[in-house]
Amino acid sequence: MASKMNQLFCSGLEVANFVVSSGLLKLSWAKILDCYGGFNLNELQNLGLSIKWKAYQQANINILVFTTSPICTKSHLQDSKQLVSSTAFKESFPVFEFLCNNGNSFSIHKAAIALFADHFHELLQLKAECGRNSNSLIVTGHSLGGSVASLFTLWLLESLDISLAKRPLCLTFGSPLVGDKGFQQAISQHPAWNSCFLHVAATSKDSIPRLFIAPHDLNFMDLDSKSVDYKPFGTFLLCCEDGCTWSDNPEAVSELLMAVETEDTGNEEWTINVYSRIIEQLESMIVRKGISQVNEPILNSLRAGTTLQIEAIRIRNEQLLIKKLEELEQICMFNKGKAFDPAKKLNVIKIKMAELEWYKKVAKANETGYYDCYKKQLSRRDRDIIKHKKFLTNYWKEVVAQNERKPQKQLVYLRSRWLYAGTTYRRMVEPLDIADYYRDGGSNYVTNGRSHHYIKLEQWLEEDEKQSRFRIDTKKQNVDVILTDDSCFWAHVEEARLWCKTLKTADVGMISERLCLRQKLMEFEVYVMEQIKKYAVSSEIFLKGSSFMQWWKEYEMLIEPFHNSPLTDFIRNCKFQRYASGCLVLS
């Protein structure tokens, strides 16, 4: 582990250099100043805040600026750090409900969400206009205007198919933190959303970015509330006249913001001018990199990067902070290393599925079918399949769990990517889980034994088919090689066999119980025939050694000779022999 850590480098300074040199900071800040042009910087600060926005077009870039009137200052915010829970505005203002998933909740800065809600109808029209424009979009804002810019960007992202549309960039200056840990996690679950946010903070001159996470400053703490817990999200560019540093590690950002000693002059015009000076100076300097300028010996590249991060924003000789940031960066990198990436295992998944396909083919040649072959576990090959099944199941459980953690709109786009593969997996592997379940003496698998990830994969398929987004059609010509559509088909077969067994041994006097069992068996007949008519079951179910044909033998002994139904006619007259070819005409 130590040798691996020596290869790591915290590259925040290099990233910061790129962002500064791109001209994005200067361009966005200039538009903010232009938007502020109609405001009097000396307006009375006890006036209520209102939001203002203005759209600019420059070359192929649209810039949307959010500001407040009067300019939002520390005095406006220090007594209004209250968070409002998503459950509180779920009914009255459910605009951000898409961030809730799996029953989780979050909280947003009350002042920011109130401003957003006050202008909702105008913002709705603005959102529609943004959706119709094909240019790249920068959404920017200063102070509380930056908070509204962040919320508006999230709202835009919710309606975008990120695989097709250009993502907006949200660039804020001196913005307070917007939400709690639940809010941060909902956004950070997917890098495509989290990477759309860049927050610029003049660390030593502007106290607003750190206002809600300064526990040592009792003037700004809500001592009566233990629920106030703001967390950063996105990428932070922490700046001073000497340089800047970058971090997308929320814990490291919190530590850096709290560690900075902020000059507080109370002069808001001075604070505004600070950003102008910093941007000009940063563009004219080379952001430091390398280890030659660090005064003490550097033991590894992670320590070098961390030290330079601190020096770039005027935090010197802070050894405890350096150690803390190193620990946080190590944890972050370790978690990224453990992060589940479905795409990286696709080739292995294809190999495992190919092994199951071959197993299915061999079992069919033996007139048994792979379901019953696996259930009997007679050969080493049958037992080897257990390892493949376990690997595939662990993979798809993680895919489902990962997708469930995404914001709802993002989940739609992600699941479409994997839906075909997930459906094939479910139809191939769930029958094997059913075989294990009933071999071990289980009953009522659908209610008591079915895994959550199978339920979700099936539910997502049904939802997408209703929206005509995705459809898997069973073709008559391919019925000989198809997988049965209903992955719980064999569970229904096993239940029908249990009913036959119970009916056979039930006392003649138990009339109501016997009638109930016969009714269930007739309903099973109808279910099977419906699947056959749709060519939705594999022809394997009609193999001599299959559990379905065993059920038929058991059932035929229990029904009256004169009993007639579409299924009994189908089997007694051997129509299933033509089923595999797809040329059978069924009425």
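For the atom pair Leu27 CG and Ile61 CD1, the distance stands at 6.5 Å (nearest 0.5 Å). For the atom pair CG (Leu144) and CD1 (Ile208), the distance works out to 8.5 Å, reported to the nearest 0.5 Å. For the atom pair NE2 of His109 and CG of Leu151, the computed distance is 10.5 Å after rounding to the nearest 0.5 Å. Taking CG from Leu169 and OG from Ser136, the interatomic distance works out to 9.5 Å, rounded to the nearest 0.5 Å. Atom NE2 in His452 sits 10.5 Å away from atom NZ in Lys397 (nearest 0.5 Å). Rounded to the nearest 0.5 Å, atoms CD1 (Ile113) and CZ (Phe120) are 10.5 Å apart.
Heavy atoms only, all atoms of each residue included: Leu177 and Pro209 are closest at CG-O, 4.0 Å. For Leu171 against Leu24, the heavy-atom pair with the smallest separation is CD2-O, 3.7 Å. When all heavy atoms of Phe183 and Leu154 are compared, the closest pair comes out as CZ-CD1, 3.4 Å. Between Leu156 and Cys130 the shortest heavy-atom distance is CD2-CB, 4.0 Å. Contact record, Ile51 with His119: CG2-CD2, 2.9 Å, taken as the closest heavy-atom pair. For the pair Leu457 and Leu419, the tightest heavy-atom approach, listed with the atom from each and the gap, is O-CD1, 4.3 Å.
Judged by distance alone, with hydrogens and angles left aside, the side-chain atoms of Asn194 form no donor-acceptor pair with the main-chain N or O of Ile187 at under 3.5 Å. With Ser143 contributing its side chain and Gly145 its backbone, the two residues share no donor-acceptor pair below 3.5 Å. Formation of a donor-acceptor pair under 3.5 Å by the Asp180 side chain with backbone atoms of Ser107 is found in this model.
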Item to check | Audit row: Leu77, Cys72, side-chain contact (heavy atoms from CB on, under 4.5 Å) steps and yes/no | outcome: CA-CA 8 Å; Leu77 296 171; Cys72 180; 3.7 Å; yes
Item to check | side-chain contact (heavy atoms from CB on, under 4.5 Å) assessment of Ile138 paired with Asn62 | outcome: CA-CA 6 Å; Ile138 296 176; Asn62 290 339; over 6 Å; no
Checklist entry - What do the steps show when you test Asn135 against Gln57 for side-chain contact (heavy atoms from CB on, under 4.5 Å), and what is the final call? => result CA-CA 9 Å; Asn135 287 347; Gln57 185 169 350; 3.4 Å; yes
Next on the checklist: Determine whether Tyr420 and Leu461 satisfy the following criterion, side-chain contact (heavy atoms from CB on, under 4.5 Å), listing intermediate values before the conclusion.
Outcome noted: CA-CA 9 Å; Tyr420 179 83; Leu461 175 66; over 6 Å; no
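Phe173 and Tyr275 have perpendicular rings, their planes meeting at more than 60° on a 0 to 90° scale where under 30° would count as parallel. The aromatic rings of Tyr36 and His142 sit perpendicular to each other, their planes meeting at more than 60°, with 30° as the lower class boundary. Classification of the Tyr425-His453 ring pair by plane angle, with boundaries at 30° and 60°, yields tilted.
Proximity of Thr140 to Ile63: side-chain heavy atoms (C-beta onward) are separated by under 4.5 Å at one or more points. Contact annotation: the side chain of Ser86 never approaches that of Ile108 to less than 4.5 Å [non-hydrogen atoms, C-beta and beyond]. The closest side-chain heavy-atom distance from Asp206 to Val274 is not below 4.5 Å. Side-chain contact between Lys31 and Lys54 is absent, with no heavy-atom pair separated by less than 4.5 Å. Side-chain atoms of Lys127 and Glu158, non-hydrogen and from C-beta on, do get closer than 4.5 Å to each other. Between Arg167 and Ser195, some side-chain heavy-atom pair lies under the 4.5 Å cut-off. Side-chain contact between Ser254 and Pro232: present, with at least one pair of heavy atoms (C-beta onward) separated by less than 4.5 Å. Within the 4.5 Å cutoff, the side chain of Phe233 has no heavy atoms near those of the Gln185 side chain.
Gln459 and Lys456 form a side-chain donor-acceptor contact under 3.5 Å, judged by distance and modelled atom types alone. Inspection of the Ser147 and Ser175 side chains reveals an N or O donor paired with an N or O acceptor under 3.5 Å.
If you run ring-ring contact (aromatic ring centres under 6.0 Å, His included) between Phe116 and each of Trp53, Phe96, Phe66, Phe89, only Phe96 comes through.
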